[in-house]
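Contents: one structure, followed by commentary.
Order of listing sets the numbers, starting from 1, for every ligand and every atom in it. Computed from a predicted structure; not experimentally measured.
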Amino acid sequence: MSALLSVEGLGITFGGLRAVHDVGFKVQPGEILSVIGPNGAGKTTLFNMISGIYRPGTGRIVLDGEDVTAMRPDLLARRGMSRTFQNLQIFQNMTVLENAIAGYHLTESGSLLADLFSLPASRGRARAAKDGAMELLARVGLERAAETEAGNLSYGKLKRLEIARALALKPKLLLLDEPAAGCNAVETEEIDRMIAEVARSGVAILLVEHDMKMVMRISNHIVVLDHGEKIAEGDPATVSRNPDVIAAYLGTETEALHA
Ligand SMILES: Nc1ncnc2c1ncn2[C@@H]1O[C@H](COP(=O)(O)OP(=O)(O)O)[C@@H](O)[C@H]1O
Ligand SMILES: [Mg+2]
């Protein structure tokens, strides 16, 4: 099987600092691959290169057989790559449903505003967008919160809404940057279950996450970065036994690695 995403020899330098150096890995459809590593290891920088925010200094990114290195995020989205950001990008004053519709509209031609205000020419499209958005909310367990103002949601629910928005783009590959950041244990488990469910539907997940227990629980494959370089990769059990990985985390999260 050819990989959905292939990252080859990726590198970038910031003013002499090698933030990421010669990193490569492959992601298969339906796979959950996590990138872990201590603070400053280069995880977010790697994500920003893959999702078209930074132009890599070296290497290439191949999505579904097409070279997409340094392609703009909106063009990547059209090719099936969708991402969330570490900081929430939700419209606080809109309802949950309106937020989901906003995500859905990124895939459609036509005007979001026209549809929200139901101008005659766009009523049919608005109906389709609303139905699509409701389906998305059901998928992330937020259908009963559809009419709630997003600003009133718990943090865990906001995170799920953000993922619903990313799913509106019907991605083949979903990049999640710290989806459980700031969430309590219960919320984290809900997000866990949701990510696993999305993966089961065939979407590949590329995850950067600080919560090591979550990473060990849901990942099929783990890539470990330290000082911008890949120091290990493999399944959770193999990676957590790797002496280089334990050394990189020494004094910080070694206990969590074995939790
Ligand atoms: N835009 C930037 N300009 C200069 N240095 C950066 C920039 N982004 C990241 N870095 C540096 O690159 C290294 C990797 O950072 P980052 O990718 O944010 O690590 P992580 O996400 O693993 O904590 C760090 O030393 C960081 O200070
Ligand atoms: Mg980071």
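Counting heavy atoms closer than 4.0 Å to ligand 1, residue Y54 contributes side-chain atoms (C-beta onward) but none from N, CA, C or O. With a 4.0 Å heavy-atom cut-off, ligand 1 is reached by no atom of V208.
Looking at G42 next to ligand 1, an N or O pair under 3.5 Å apart turns up. The N/O atoms of G40, backbone and side chain alike, include one that comes under 3.5 Å of an N/O atom in ligand 1.
A donor and an acceptor atom, one from each side chain of T69 and R60, are nowhere located under 3.5 Å apart. For the residue pair S201 and R139, a side-chain donor N or O sits within less than 3.5 Å of a side-chain acceptor on the partner. Between the side chains of T45 and N48, not a single donor N or O lies within less than 3.5 Å of an accepting N or O. In this model, no donor atom of one side chain and acceptor atom of the other lie less than 3.5 Å apart for E31 and H221. Of the N and O atoms on the side chains of E190 and T188, not one donor lies less than 3.5 Å from an acceptor on the other residue.
Nearest protein heavy-atom neighbour of atom 15 (O) of ligand 1: T45 OG1, 3.8 Å. Nearest protein heavy-atom neighbour of atom 5 (N) of ligand 1: F14 CD1, 3.4 Å. For atom 18 (O) of ligand 1, the closest heavy atom belonging to the protein is T44 CB, 3.9 Å. Counting protein heavy atoms only, atom 12 (O) of ligand 1 is closest to A19 CB, 3.4 Å.
The distance from ligand 1 to the heavy atoms of N39 drops below 4.0 Å at these ligand atoms: 23 (O). Close contacts of ligand 1 with A41, meaning ligand atoms under 4.0 Å from a residue heavy atom, involve 19 (O), 20 (P), 22 (O). Ligand-side atoms of ligand 1 in range of L17: 11 (C), 12 (O), 25 (O), range being under 4.0 angstrom from any heavy atom.
By the definition of a contact as any protein heavy atom under 4.0 Å away, atom 22 (O) of ligand 1 is in contact.
Transitive grouping of hydrophobic side chains (ILVMFWY, heavy atoms separated by less than 4.5 Å) keeps M49 and V62 in distinct clusters.
In this structure, the side chain of T95 engages the main chain of E98 through a donor-acceptor pair within 3.5 Å. Put simply, the side chain of T58 gets close to the backbone of G11: a donor and an acceptor are under 3.5 Å apart.
The Mg ion (ligand 2) has no N, O or S atom of T45 closer than 2.8 Å.
Each of V35, L46, I36 was checked for a side-chain contact (heavy atoms from CB on, under 4.5 Å) with V208, and the lone residue meeting it is V35.
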